[in-house]
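Data block below; observations after.
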Amino acid sequence: MTFTRLAYIVAGVASIFGGLSALLGLGIVTGVLERAPDALLVGKPFSIGRMIDLGVEMFVVGIALGTLAEISFNVRLGKEISDDSK
């Protein structure tokens, strides 16, 4: 049960940050937001397209992890119900 809860937390965080990253990238591409000057960025700056790709990828991984956590929870619940009926 501990790992299922941890998976829910990680899935939620990955989904939120992935979605925000993708939305931020789309906001910069559409001109709603301005990109920070490269002098303010720490490390090697990468393209906005890469930022959107990584955000969508993180969002999808979060959704997949949440689905696996839900399956794990339901399988465990099914085992507990079948054990109680014996």
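Values below: all heavy atoms of this structure, side chains included; hydrogens, waters and symmetry mates excluded. Numbers here simply count residues along the sequence, with the first being 1.
Heavy atoms from other residues, nucleotides or ligands lying under 6.0 Å from CZ of Phe73 number 12 at most.
Cluster annotation: Ile52 is not connected to Phe59 through the hydrophobic network of ILVMFWY side chains, with a link wherever side-chain heavy atoms come within less than 4.5 Å.
Expressed to the nearest 0.5 Å, how far CD1 of Ile48 lies from CD1 of Ile28 amounts to 4.0 Å. From Glu70, atom CD reaches atom OG1 of Thr4 across 9.5 Å, with rounding to the nearest 0.5 Å.
Judged by distance alone, the side chain of Ser72 and the main-chain N or O of Leu68 form no donor-acceptor pair under 3.5 Å.
Ile71 belongs to a hydrophobic cluster whose other members, connected by ILVMFWY side-chain contacts under 4.5 Å either directly or through intermediates, are Val75.
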For a quick test of your reading: what N or O donor-acceptor pairs under 3.5 Å do the side chains of residues 9-26 make, sequence neighbours left out?
from, atom 1, to, atom 2, distance (Å)
Ser15, OG, Ala11, O, 2.9

